[in-house]
Amino acid sequence: MRIGLLTEGGYPYATGESRLWCDRLVRGLAQHEFDLFALSRSAEQEAQGWVRLPDQVGRVRTAPLWTADEETLGLHAPRSPFSRLLTGGDARTYARRERRRFVTHFTALAASVRTAAGTERGEADPGTAPAAAGTRAGADLRAADEQFTQGLYGLAELAWEHGGLPAALRSETAVRILEDACRAPGTGRTVQTATVADLLAFTAELDRVLRPLSLDWYDEDGLGAVDLCHATSGGAAALPGLLAKRFFGVPLLVTEHSVQVRAHYLASGGAPVSAPVRALLANFHGRLATEVYRQAALITPGNTHARRWQERCGADPAKVRTVYPGMEAARFAALGEREDDGGPDTLVWVGRIEPAKDLVALLHAFAEVRRAEPDARLRIIGAPAPGPAGAAYLAHCRALAAELFPDEAAGTHTDGGSPVSFEDIGGAEVPGLAQAYAAGGVVVLSSVVEGFPISLVEAMFCGRATVSTDVGAVVEVIGGTGLVVPPRNPRALADACLALLRDPERRARLGAAARARALELFTVEQNLAAFRGIYLELIARAPVRGGPLPETGDGPRPFATPPEVHVLGLRPAPEPEPSPGDRTPSWAGAPGMGESDA
């Protein structure tokens, strides 16, 4: 079958472990053909180029979620006429009839995102009877959902028929509509305080997220030609899948290893935004997530933690199926099969150095460990997060280590005088990830925020005993094969580390159990087997698109869209119907933005 793989800021640009699963999926399911529809997040990301694509990728179409005025560091990617259309650089304006349609649809969209989050979740207003409040909240929620879908798909059809949404989303008309919605009765108190600057900031972000509506992907040679859309995340990546289903009836599969709505709530990078902008963005992303989950034929979270978020946002539990991300176990096999205990008195932390990892708590915990076990050591192995904030946090941690161990300056090598070392992977002592986990007897994770803990799974592949904080999917991943303590509790973290440092037999038992669990649940092979079955299941129950196939006398076909549909001349051309799916946009014949043959 032909799969339309929808990505945002990931494959084919990124090579990090959290996104490599796309490449493994494509290479592992060689019986299928993949068309890649990729959204990039920055000029810098595009300048880094693509990973090497396998032969299974038949065609690649790309589009940016950024514009030239957002470029940084002097990086300038080539701009096509279509990118100028997105920014309104040389876009024609709408005629009167199209302007009226835009006003109608954007008014509905604005009205749907003005409601405060507490009311959306059905929480009772103070002083209101619970039953009455719940009934009213449910009615308001349904009305807002209807307004959102009316506005979203109305804007999509307008963009399809008239060459995109030129500069309409950033126009004065859009700001005035949004202002009227924020001042309307029943709007949340936070949103009502929005200033013109807040509205401009929100419409700028809305323009970015809704840019997929204006792409030239929606024709019979693009998303109309695929059998199944597989969105590798929610949010903007899933928008093309929503439109492919609406215009062509293509089923949608959504995979999220970290829920986009949760990531939006936790985001702290970038320019600070005001409370009204945060509220409007939270409402919009919540509405979008609800619509994505409603329209998806199946939703595959990467862990139960993500699944709970999805169901909280309206996902039908009957359509949700947990599929753990597949990771390469082979590179850790040699270490995992050995019986050595690494450094029996050494704790190892491996990962990206940033505030969410709470190395401050880890250092305070290790000070307690050091007082009880004077020979204990701590090796912090990893690089700081990109940007000045990451470098500043690493410097803060180094200074704290020097302060906690005043008699021994914080060193950079394990053979120095300091019990704490900060090291990079790729050096002489730690040439690779396997050697990082081999450097100690206990692997520690001290995070306060975590999605799917990749470093924890890698430690399990290595057969290492672990001590972790109870965040994200940690408990689900560990499954009783390691010690788990509350986050932000250095005393509890220290006690758990001491318990394993003092008991080598327990370390060995937990390490062996952890490796067995990781090999059962978190390998590439189990991930491929799951998606192989899911693809067949979804295409088997999808409605047949196009005209009927001639009878072959071979009995019933097992799939609704069998391979024969791709043979030229076999399927008769369908009769034209007056529906949105049969209309051809004015710009359908133009070359796709960033389109190339892989």
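By the 30° and 60° cut-offs, the orientation of the rings of Phe34 relative to His32 is perpendicular.
Formation of a donor-acceptor pair under 3.5 Å by the Thr466 side chain with backbone atoms of Val443 is not found in this model. Listed for the Arg506 side chain is no donor-acceptor partner under 3.5 Å among the backbone atoms of Ala499. In this structure, the side chain of Lys357 does not engage the main chain of Ser446 through any donor-acceptor pair within 3.5 Å. Gln435 places a side-chain N or O within 3.5 Å of a backbone atom of Gly432 that can act as its donor or acceptor partner. At distances below 3.5 Å, at least one donor-acceptor pair connects side-chain atoms of Gln56 with backbone N or O atoms of Val26. The backbone N or O of Leu36 sits nowhere less than 3.5 Å from a side-chain atom of Arg61 that would complete a donor-acceptor pair. Between the side chain of Glu205 and the main chain of Leu281, no donor-acceptor pair closer than 3.5 Å is present. Without hydrogens or angle criteria, Arg507 side chain to Leu501 main chain gives a donor-acceptor distance under 3.5 Å. At least one donor-acceptor pair closer than 3.5 Å links the side chain of Arg517 to the backbone N or O of Val477. Of the possible donor and acceptor atoms, one in the side chain of Glu256 sits under 3.5 Å from a partner among the backbone N and O of Gly234.
Surrounding CZ of Arg294 are more than 12 heavy atoms belonging to other residues, nucleotides or ligands, all under 6.0 Å away. Within 6.0 Å of the CD atom in Glu505, the count of heavy atoms belonging to other residues, nucleotides or ligands does not exceed 12.
Between Glu33 and Arg2, some side-chain heavy-atom pair lies under the 4.5 Å cut-off. Within the 4.5 Å cutoff, side-chain heavy atoms of Leu359 are placed close to those of Tyr393. For the pair Val350/Tyr437, a side-chain contact is recorded, criterion being any heavy-atom separation below 4.5 Å from C-beta on. Taking 4.5 Å as the limit, every side-chain heavy atom of Trp349 sits out of range of all side-chain heavy atoms of Leu445. By the 4.5 Å heavy-atom criterion applied to side chains, Cys397 and Leu363 are counted as neighbours.
In plain terms, the two heavy atoms of Leu109 and Ser112 that are nearest each other are O-OG, 2.7 Å. Heavy-atom minimum distance, Thr7 versus Ala237: C-CB, 4.0 Å. The nearest pair of heavy atoms linking Ala329 to Thr523 is CB-CG2, 4.4 Å. Here the shortest heavy-atom pairing between Ala306 and His257 reads CB-O, 4.2 Å. Across all their heavy atoms, Phe522 and Phe461 have their closest contact at O-CZ, 3.7 Å. Listed here is the closest heavy atom pair of Glu476 and Tyr324: OE2-OH, 2.7 Å.
Between Glu458 and Arg331 there is a salt bridge, with a side-chain nitrogen of the basic residue lying less than 4.0 Å from a carboxylate oxygen of the acidic one. Between Arg287 and Glu291 there is no salt bridge, since none of the side-chain N atoms of the basic residue sits less than 4.0 Å from a carboxylate O of the acidic one. Checked for salt-bridge contact, Glu146 and Arg142 miss the test: no charged N lies under 4.0 Å from a carboxylate O.
Separating the OG atom in Ser421 from the CG atom in Leu378 is a distance of 7.0 Å, to the nearest 0.5 Å. The line from NE2 of His230 to CG of Leu6 is 9.0 Å long, rounded to the nearest 0.5 Å. Put simply, CD on Gln45 and OG on Ser40 are 6.0 Å apart, with the number rounded to the nearest 0.5 Å. Separation of atoms SG (Cys229) and CG (Leu538) is listed at 11.5 Å; rounding is to 0.5 Å. Within the model, atoms CD1 of Ile299 and CG of Leu253 stand 9.5 Å from one another, a figure rounded to the nearest 0.5 Å. The line from CH2 of Trp50 to OG1 of Thr62 is 5.5 Å long, rounded to the nearest 0.5 Å.
Geometric assessment of Arg246 against the ring of Tyr153 yields a positive cation-pi assignment under the 6.0 Å and 45° thresholds.
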Quiz prompt | Worked verdict on Thr255 versus Thr300 for side-chain hydrogen bond (donor to acceptor under 3.5 Å, both in side chains) | solution = CA-CA 5 Å; Thr255 296; Thr300 54; 2.6 Å; yes

Quiz prompt | From CA spacing to verdict: side-chain hydrogen bond (donor to acceptor under 3.5 Å, both in side chains), Tyr11, Asp23 | solution = CA-CA 7 Å; Tyr11 194 65; Asp23 192 63; 2.8 Å; yes

